[in-house]
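As structure tokens, the structure follows; a few thoughts come after it.
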There are 2 protein chains.
Amino acid sequence: MEVKLNLSESLEDYLEAIFDLIKENGSARVTDIANRLHIAASSVNQGLKKLNQEGLVSQEKYGPIELTNAGYRAAEKIRCKHQIIYLFLNRTLGVSEKKADNDACGIEHALSEESFEKMVDYLIKNNYLAEQNCAFKLKENKEEKKMTAEQIMLDKISVGSKAKILKVQSKGRLKRKLMDMGLNRGALVEVKGKAPMGDPIEIRVRGYSLSLRQNEAAEILVKEV
Amino acid sequence: MEVKLNLSESLEDYLEAIFDLIKENGSARVTDIANRLHIAASSVNQGLKKLNQEGLVSQEKYGPIELTNAGYRAAEKIRCKHQIIYLFLNRTLGVSEKKADNDACGIEHALSEESFEKMVDYLIKNNYLAEQNCAFKLKENKEEKKMTAEQIMLDKISVGSKAKILKVQSKGRLKRKLMDMGLNRGALVEVKGKAPMGDPIEIRVRGYSLSLRQNEAAEILVKEV
DNA sequence: GTATATTTTTAGGTTAACCTAAAAACGGGG
DNA sequence: CCCCGTTTTTAGGTTAACCTAAAAATATAC
């Protein structure tokens, strides 16, 4: 079931930037978004609040910016539209890469579903676009498949899985200890083993092996990768 | 010399609506613009003030809305962009007329000069557009030619010319008299003759012949046609 | 462990583009 | 000439999207 949410152009831009930054860097930070869109960080902050209310982004104060499933789908759709318009202008009309990309930014907010699909058909017909590409995925999206990994505490990760640290929740001494062990935001951890009662947990991070108590691991918010 | 004025999307829409209404009805009224754009008349009024400041529209309180030369050129450019995008979507991609027109409305504000020209070239190459058409005129526009008739008082119109009444400036008795003679806004007048000292002036309006004193004619704002 | 730098958030603006309601001006009919 | 409906303008909002400056939280460096 397609829900049509009515995002403003700005919010679409924010969403798209978040999507891109997560693809590129693994995470989207307020300042990164602000730099990309050439606006103040405080403006991004306000935008995030709205996206949060719309249920497209999950954001806690000072916490990592993550897309919800709905947010991921919405962002992908916008990104895809952008890409199609870009390809169309650049490949079919021969518009320079820079201008084509720029124009795509503006047009993506205005183009109807119908025109978009006609562009896709045209690109496929002229072999500028393979069918399994971004554009085509859109049509398949109706089957609800899991597109964003869940946020979960490290002690809940099963042995053998890898995850990326989103946030260390605890405060003070404990937090300090965890971060000194290299458990910073963005770090990749692999759960190597768990003792019978789930305590301690053996993990590998940045090339080191560590042993964590369950209550310590329970303070670390991660996303499976 | 191309001056690039930076109009907001709204102001471009206003300008385009004025342009279209003048083509269609011979005049653009605040309420007509408001209806076309589905906004309140007071909003149009504010917009007109801004266009006036930019020197694109000549507007006096309660007076007729006329485009200046600069305004006419700007409006024509926007209209033309709209038309080209419409043709492109509809003819090349087969987008329905309604959606194509709708999308053109949104896209026209975002499309760069480069993309626009590439679209024009494409349309010409595929015979969807004759060279003397709107798009092509744009390229010629560099030579400053007179595109809008001047606003002038009726007593300054030369014998044999036709003009359209924009406004009757006087008040009270005289205004009443003039309007009772059929000299309303929108009426077409033809100057049939002038006495040696320019007084009286013989005109023909709505099938009648009238004789006006010069001071009376000097109260009537017209536009040569 | 504390100081310093960076990031995020809050507080408090501004501007453009809309709105409604009411006042002012206009235009036509008796 | 005066009245009345329509049009235009003014007055006084609201909202979204930005801003700057400063406070609060977090991250890093010594």
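Residue numbering restarts at 1 for every chain, and letters A, B, ... go by the order of the sequence lines.
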Tell me every residue that passes side chain to side chain donor-acceptor pair (under 3.5 Å) with A:R204, counting only those two or more places apart in sequence or in another chain. A:S209

Side-chain donor/acceptor of A:T68 to backbone N/O of A:L56, under 3.5 Å: yes

Testing C:dT20, C:dT9, D:dT9 for proximity to the side chain of B:N45, the answer is D:dT9

Does a side-chain N or O from B:N184 land closer than 4.0 Å to OP1 or OP2 of C:dG27, or not? no

Give me, pair by pair, the N or O atoms of the protein and of nucleotides 13-17 of chain C that are less than 3.5 Å apart, along with how far apart they are.
residue, atom, partner, partner atom, Å
C:dA17, OP1, B:S8, OG, 2.4
C:dA17, OP2, B:K50, NZ, 3.2

Between D:dT26 (C1') and A:E60 (CD): distance, integer Å: 15 Å

Please find the pair of heavy atoms, one from A:C105 and one from A:H82, that lie closest to each other, and give the distance. SG-CE1, 3.5 Å

Nearest-0.5 Å distance, NZ of residue A:K77 to CG of residue A:L15: 12.5 Å

From C:dT9, D:dC18, C:dC19, nucleotide with atom closest to A:Y62 side chain: C:dT9

Report the distance from atom NZ of B:K61 to atom C1' of C:dA24, rounded to the nearest whole Å. 9 Å

Does C:dT10 have OP1 or OP2 sitting under 4.0 Å from an N or O in the side chain of A:K49? yes

Check the phosphate of D:dC19 against A:S43, side-chain N and O only, distance under 4.0 Å to OP1 or OP2. Yes or no? yes

Note, B:V189 side chain near B:L210 side chain (heavy atom, < 4.5 Å): no

For DNA chain D, which residues in residues 51-58 of chain B have a heavy atom at a distance below 4.0 Å? none

Step-by-step side chain to side chain contact (heavy atoms under 4.5 Å, CB included) determination, B:L89 to B:K99: CA-CA 9 Å; B:L89 291 175; B:K99 283 282 181 187; over 6 Å; no

Output one line per pair: protein atom, nucleotide atom from nucleotides 1-5 of chain D, and distance, for all N/O pairs under 3.5 Å.
residue, atom, partner, partner atom, Å
D:dC1, N4, B:R176, NH1, 2.9
D:dC1, N4, B:R176, NH2, 2.8
D:dC2, N4, B:R176, NH1, 3.0

Are the side chains of B:S115 and A:F88 in touch, meaning some heavy atoms are under 4.5 Å apart? no

Please enumerate all residues that pass salt bridge (Lys or Arg N to Asp or Glu O under 4.0 Å) together with A:E24, with sequence neighbours excluded. A:R36

Between B:E54 and B:K50, is there a salt bridge with N-O shorter than 4.0 Å? no

Taking A:D155's backbone N and O only, do any of them form a donor-acceptor pair with A:K194's side chain (distance below 3.5 Å, no angle check)? yes

Quick one: does B:L221's side chain get under 4.5 Å of B:M153's, heavy atoms only? yes

Minimum side-chain heavy-atom gap B:I65-B:I22 below 4.5 Å: no

Can you sort out which residues in residues 24-39 of chain A have a heavy atom within less than 4.0 Å of DNA chain C? Ascending by number, please. A:R29, A:V30, A:T31

Run through B:E16, B:E108, B:E12 and flag the one making a side-chain hydrogen bond (donor to acceptor under 3.5 Å, both in side chains) with B:R79. B:E16

For B:L48 and C:dC18, give me the distance from atom CG to atom P, rounded to whole Å. 12 Å

